[in-house]
Number of protein chains: 2
Amino acid sequence: MSNIALPVASFSPLYQQIKSMILASLQASEWLPGEAIPSEIELATRYAVSQGTVRKAIDELAAENLLVRRQGKGTFVATHQEDDWQYRFLRLEPDSGEKIHLKNQFLSCKSIDASDFVARLLKLKQGESVLQIDRIQTFAGKPVVFEEIWLPESRFAGLNLEALNIWPGPMYAFYESQYATHMVRAEEKIKAIAADSILGSHLHVAQGAPLLSVERVAFTYGNKPVEIRYARYDTIDQHYVNKLN
Amino acid sequence: MSNIALPVASFSPLYQQIKSMILASLQASEWLPGEAIPSEIELATRYAVSQGTVRKAIDELAAENLLVRRQGKGTFVATHQEDDWQYRFLRLEPDSGEKIHLKNQFLSCKSIDASDFVARLLKLKQGESVLQIDRIQTFAGKPVVFEEIWLPESRFAGLNLEALNIWPGPMYAFYESQYATHMVRAEEKIKAIAADSILGSHLHVAQGAPLLSVERVAFTYGNKPVEIRYARYDTIDQHYVNKLN
DNA sequence: GAGTGGTCTAGACCACATC
DNA sequence: ATGTGGTCTAGACCACTCG
């Protein structure tokens with residue numbers, strides 16, 4: 001007879017369990033974006049482990065950009081409302097190297113039935129209603145981005161064009177403050193495409209001009225997809241940057 | 001009078017200094033890619049610090065993908081010659097989701113004077129000689145990538161077309177085994193461009209067809225740039241993927 | 001000065017790979 | 001059985017922030 005057995009519940013270190021518990025608190029909005037979480041010592045007593053174990057759990061969450069450590073002050077829940085996080089997911093920059101500052105111009109915001117494509121990516125049931133937002137972003141007066149955005153209406157109920165136009169900052173800060181939805185990470189698929197007449201008129205380029213197609217799915221806590229963006233960039237004077245490690 | 005002074009040599013923790021020393025050993029090829037470095041205990045006695053301090057230094061180097069930890073075996077210098085690292089920097093994948101496997105076809109390899117563009121990015125003196133390599137990569141029989149590569153000839157002396165054609169694996173494994181040059185990280189700038197007649201004939205697309213332009217600078221230890229790639233991808237059936245955290 | 005995160009140590013013990 | 005990395009602890013002390 002063989003003694004070999006598949007590990008049923010493979011070894012899980014203490015700090016991983018602590019990490020899960022902190023994650024659960026974040027997901028349950030026990031601590032909100034921008035707020036401080038309890039001190040390491042406090043968490044250590046709460047979970048009945050040593051400070052070092054809590055430290056290791058927090059270290060990993062900080063490495064994943066869910067928490068932010070600030071020496072002497074505390075550990076804070078990451079937020080898109082801080083200045084340096086405003087453009088955390090924006091990879092477009094001018095060829096000149098200067099910092100880009102995009103100006104928003106919302107075109108429409110309407111409720112529709114989710115297409116197959118959108119339903120699949122947002123993990124919605126066929127035909128559930130979603131909000132579709134169209135916008136153009138300009139830089140130095142020139143249109144650079146045309147974007148279609150889809151959001152599950154259940155989570156973003158009541159969102160409308162006026163609210164978007166009033167909001168001064170980036171959208172992820174808007175989601176956070178108005179809909180208690182913090183974006184944790186995103187995945188993008190990039191292609192080169194040719195402008196059709198509609199894109200051409202929005203971005204002021206000729207039909208057939210090459211554009212960068214950027215398809216993004218953004219996730220909140222628990223790997224839950226809650227936003228899709230289908231963007232087209234005019235990359236005549238700017239480019240998409242990426243660092244490979 | 002004010003007591004305020006700018007910190008001249010701001011506080012540097014011990015583990016950072018250990019990290020620098022390990023880094024120096026890597027750069028000096030004291031341990032080669034794929035080899036094990038000394039055990040934590042051994043390094044602790046060598047540097048006269050505790051094991052925990054060495055651990056923290058190694059942890060950071062592992063997070064930066066310079067070292068790879070393997071429980072029970074040791075800590076190893078990262079290498080592009082391992083199976084799972086072969087395509088560490090390749091972000092192209094078929095729309096179908098299957099794993100891509102590109103086939104190389106080297107067109108030329110010649111020594112030229114560095115252009116301004118290349119000299120600037122490789123930090124070479126004006127007019128120093130570089131190798132230019134042209135290649136096409138095919139997937140499922142179709143040409144997908146056309147790429148121009150520039151290398152400083154001083155570091156890659158003797159590299160020629162025949163050697164490239166004989167080599168079976170990826171180029172970064174080739175650099176490592178033949179020219180003692182390990183790539184640590186890379187930066188890419190991406191645009192959408194229109195195919196000209198030359199690109200069109202290489203990639204079997206019409207003139208004016210949209211292509212993805214990917215400009216890469218790759219770095220070895222010490223942030224030294226040692227390779228430039230100017231690639232154009234046909235993204236009809238594949239896309240560039242990126243994860244944002 | 002008090003509170004927070006950051007560093008460093010020493011030691012015990014666990015999980016994994018290898019002989 | 002031995003050696004390696006991985007976890008966990010307890011305690012001391014340092015660096016930073018703020019009132």
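Each chain gets a letter, A, B and so on, in the order its sequence line appears, and its residues count up from 1.
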Report the distance from atom CZ of A/Arg69 to atom C1' of D/dT17, rounded to the nearest whole Å.
16 Å

Considering heavy-atom distances to DNA chain D, does A/Gln71 or A/Gln17 have its closest nucleotide positioned more toward the 5' end?
A/Gln17

Provide the start and end nucleotides, 5' to 3', of the part of DNA chain C that has atoms under 4.0 Å from heavy atoms of chain B.
C/dT7 to C/dT18

Assess whether a salt bridge exists between A/Arg216 and A/Glu147, defined as any Lys/Arg side-chain N lying under 4.0 Å from an Asp/Glu carboxylate O.
no

Output all residues satisfying ring-ring contact (aromatic ring centres under 6.0 Å, His included) with A/Phe156, sequence neighbours left out; order by chain, then residue number.
A/Tyr175, A/Tyr179

Salt bridge present between B/Glu82 and B/Arg88 (N-O < 4.0 angstrom)
no

When rounded to the nearest 0.5 angstrom, what distance separates CD in B/Gln238 from CG in B/Leu212?
10.5 Å

Given DNA chain D, 5'-ward residue of the pair A/Gly72 and A/Tyr15, judged by closest heavy atom
A/Tyr15

A/Lys73 side chain N/O closer than 4.0 Å to the phosphate oxygens (OP1, OP2) of D/dC18?
yes

Flag the pair A/Arg69 and A/Glu40 as a salt bridge only when some basic side-chain nitrogen lies within less than 4.0 angstrom of an acidic carboxylate oxygen.
yes

By salt bridge (Lys or Arg N to Asp or Glu O under 4.0 Å), B/Glu215 pairs with (sequence neighbours left out) none

Between CD1 of B/Ile41 and P of D/dG5 the distance, given in whole Å, is 8 Å

Under 4.0 Å, counting only non-hydrogen atoms across every strand here, what does A/Arg70 touch: a base, just sugar-phosphate, or nothing?
sugar-phosphate

